[in-house]
Every structure is written in structure tokens, then in C-alpha cells.
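These notes are about the structure you will find just below.
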Amino acid sequence: MLQNYVSNTTRYQYIQQLGQGQMSQVVLVKDIMKNQLCAMKIILKELLEEPQFALSMKREILIHMNLNHKNVVKLYETFEDDNFLYLVLEYCNQGTLSSQKAMFLENNIFDCFHQMLDGIDYLHNNNIIHRDIQPDNILIDNGVYKICDFGNAIQLNFDKLYISEKQGSIDYAAPEILQNQDYDHKVDIWSLGVVIYELLHQHKPQQEVQVNERLNEDLQILLYAMLTKPFQQRPSCKQVYLCKWFKKMMKQLKLFNKYEHEQLKTKHLNKQIQIKTLQNCCFDLKQAAVSHSNSLTQSDSTTAPMIPNSIQNSTDSLHDSIPIVEFPANPQM
Ligand SMILES: Nc1ncnc2c1ncn2[C@@H]1O[C@H](COP(=O)(O)OP(=O)(O)OP(=O)(O)O)[C@@H](O)[C@H]1O
């Protein structure tokens, strides 16, 4: 039967069924024009008469079609005929994270962890909260982890920072969602924390989170932080990138940590500003000292100005501690 649906569209050639969602069929097709395999999600249009589902489909398409990131499944195009709505997606040849048989241990969890974080960080930077991060919604293609299923996602307006709509799978949903409280993008950090916890422990965290004490201490700290119930205290994506375990792992694997880079740049800049401020302050003091000594020795203009040692020492010690800083030529000197 599915073969007939797909043959309605001449561009896509049916190959086989990939899976079945609650409201859709997903099939593998070949895009004849691009000579490329794609996953096609086929939705019976009758189902769109249900307002909640229609809203979720609309959101899914509107949000998903504008996304472009390595760790997010691409939505190539959508079209419809009399009976069906079609979503043509990037095909992921290893199925979902939930279907993986591989064991995840401390030494191989980072690969999947940082890829999912990269995808979530991209969404958050575009004001999108996925709200349903769970193993069924992570697809894998040649070892690349990709977030899919934007049916629960929401794009925040600049004026609306907190929402209270109940969404996502209960098992992975943050406490603030389950308790009908206001929430923000940190709900995705909680869900990612549950996914990683589950991969490492083979069960979901209990009410009182207990991380395996044999795991690396810095990873334990990170998991506890991600699974912190008050979301104000839970880290953002950026804070996860900047935690000790992540920085260490990224360095070890020679991966570029953009937030660490940014942090170092800011630190360096701040030091330069601090030095320049201090320097200017020193120059002012030197000027003051010059004027002061001039006023004391008005009758003897050849006397060298008295510059307090403490000021000289302070500039010397700054030079010692930060050798990279170049002092600008100062006409007052
Ligand atoms: N891009 C893809 N590449 C490969 N397989 C896919 C792809 N998209 C979906 N699948 C397969 O189809 C199954 C169903 O897809 P999906 O969960 O997106 O449907 P759904 O209708 O959104 O489901 P639900 O309503 O339960 O969330 C997935 O579990 C997966 O096995």
C-alpha cells in the first residue's frame, strides 16, 4: 500500500519501510533528481482535522524547515496531495539511539554527548526549545548523531522567555514541565542529562539522583548539575561546554571548544583593559607626581620629578605576569 502512496510522487522512488510513528509512516525513498536516499514521513491528512495534531505539525514544519546543522536531521521539502502530507527528510542509516545495541561507557559516551549538545546548543542559540529530547528522537547516520522530531519544539519570541505548556515524553521531561511550572531552554539540558545517565547506567535516574561513583569525578559533577531540579541552578549548554570534564575531553580529542576559546579571548581582553586602565592610572599618578615635585621645586626646573617606587613596581610586576601585552607608546612618558 505504501508503495502506491509514494508512486504518487514521481520524483521519489519507494525502497522500503523504515518505521512507524503514532501518526505517520516513515519510508526510505530515493530522490531520483538528486540520486540520494531520503526518509519520507507520510501523514494522512484526515488526521490534521484534530486541532492539537494540526498545530504540532505546523510547528514541526515551520521550525524544522529553517534548521541547518550537522547534528540536526535536515528537512529537505514538504508537499501534499489530496490525501497525504509528505515530509522529505535526511536519511539516517543507523536508526535511532534507542535502537542501538552498543554499550556506552565512560570512554565512548563523550562522542555522542558532545554531538547531541552541539545540536541542542544550535537550537537554543536560535531560540528553539526542542522539549522532547529522548533516545527515540536521536537518529544516527554513519556515526553522526542527529536530533529529529520537532513536533514538540517551540521557537521563543524575544518577549516570551518562559512557557508553561506541557510537552514531551514524561520519562525524560524536566520536573518543572511535569509540575506545570514556567520553564525555559534548560528543560532540554535535563532531558539530555537523563539520556546520558541512562546510557551509562542502563536505567533512568531515580527520584533522588545517584550517579555511579566509579565514573570520573568531573563527569559525576556534570551529571548531577544537569539533573539539578531547580532549573535556575542547572547549567546552560554554554556552561556544560565550560565544565571541567567537557573542556578536558575536547582538549584530549583536539576538538574546538568555541566557548572556551571565547572565554580565553574575553579573559585576555579583560586583562589588557585592566592593564591599560592601570597604566593610564599610573601615568596620571606620574603626572601628578611631576606636578607635585614641580610645585615643590618651582625654583629649580632641572630637578627630576619624584616618581613613587610603588608605581614603578606596579607596572613592572604587570609586565612580568603577562608578557604578551604590548604597552602603547605614550607621549606623556
Ligand atoms: N530520517 C530518518 N532516517 C531513518 N529513519 C527514520 C528517519 N525518521 C524516522 N525514522 C524511523 O521512523 C520511525 C518513526 O519516526 P518518527 O518517530 O519521527 O515518527 P513520528 O510520527 O514522529 O513518531 P511519534 O509520533 O511516535 O513521535 C523512527 O523510530 C525511525 O526508526
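Quick caveat, the model's predicted, so the values are computed rather than measured. Whatever order the structure lists them in is the order used to number ligands and atoms, beginning at 1.
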Heavy-atom donor-acceptor pair, Asn108 side chain to Leu105 backbone, under 3.5 Å = yes
Return all side-chain donor-acceptor pairs below 3.5 angstrom for residues 34-44, not counting sequence neighbours, or 'none' if the list is empty.
{"unit_1": "Asn35", "atom_1": "OD1", "unit_2": "Lys30", "atom_2": "NZ", "d": "3.1"}
{"unit_1": "Lys41", "atom_1": "NZ", "unit_2": "Glu60", "atom_2": "OE2", "d": "3.4"}

Give, for atom CD of Gln94 and atom CD1 of Ile138, the distance between the pair rounded to the nearest 0.5 Å.
-> 14.0 Å
Spell out, as yes or no, whether a donor-acceptor pair under 3.5 Å connects the side chain of His130 to the backbone of Asp188.
-> no
Is there a side chain to side chain donor-acceptor pair (under 3.5 Å) between Thr96 and Asp136 once you walk through the steps?
-> CA-CA 6 Å; Thr96 62; Asp136 277 346; 4.6 Å; no
Contact table ligand 1 N or O to protein N or O, d under 3.5 Å:
{"unit_1": "ligand 1", "atom_1": "1 (N)", "unit_2": "Glu90", "atom_2": "O", "d": "2.8"}
{"unit_1": "ligand 1", "atom_1": "3 (N)", "unit_2": "Cys92", "atom_2": "N", "d": "3.1"}
{"unit_1": "ligand 1", "atom_1": "18 (O)", "unit_2": "Lys41", "atom_2": "NZ", "d": "3.4"}
{"unit_1": "ligand 1", "atom_1": "21 (O)", "unit_2": "Ser24", "atom_2": "OG", "d": "2.5"}
{"unit_1": "ligand 1", "atom_1": "22 (O)", "unit_2": "Lys41", "atom_2": "NZ", "d": "2.9"}
{"unit_1": "ligand 1", "atom_1": "22 (O)", "unit_2": "Asp149", "atom_2": "OD2", "d": "3.1"}
{"unit_1": "ligand 1", "atom_1": "25 (O)", "unit_2": "Gln22", "atom_2": "N", "d": "3.4"}
{"unit_1": "ligand 1", "atom_1": "26 (O)", "unit_2": "Gln22", "atom_2": "N", "d": "3.3"}
{"unit_1": "ligand 1", "atom_1": "27 (O)", "unit_2": "Asp149", "atom_2": "OD2", "d": "2.9"}

Hey, are Lys258 and Asp121 close enough for a salt bridge, meaning a charged N less than 4.0 Å from a carboxylate O?
-> yes
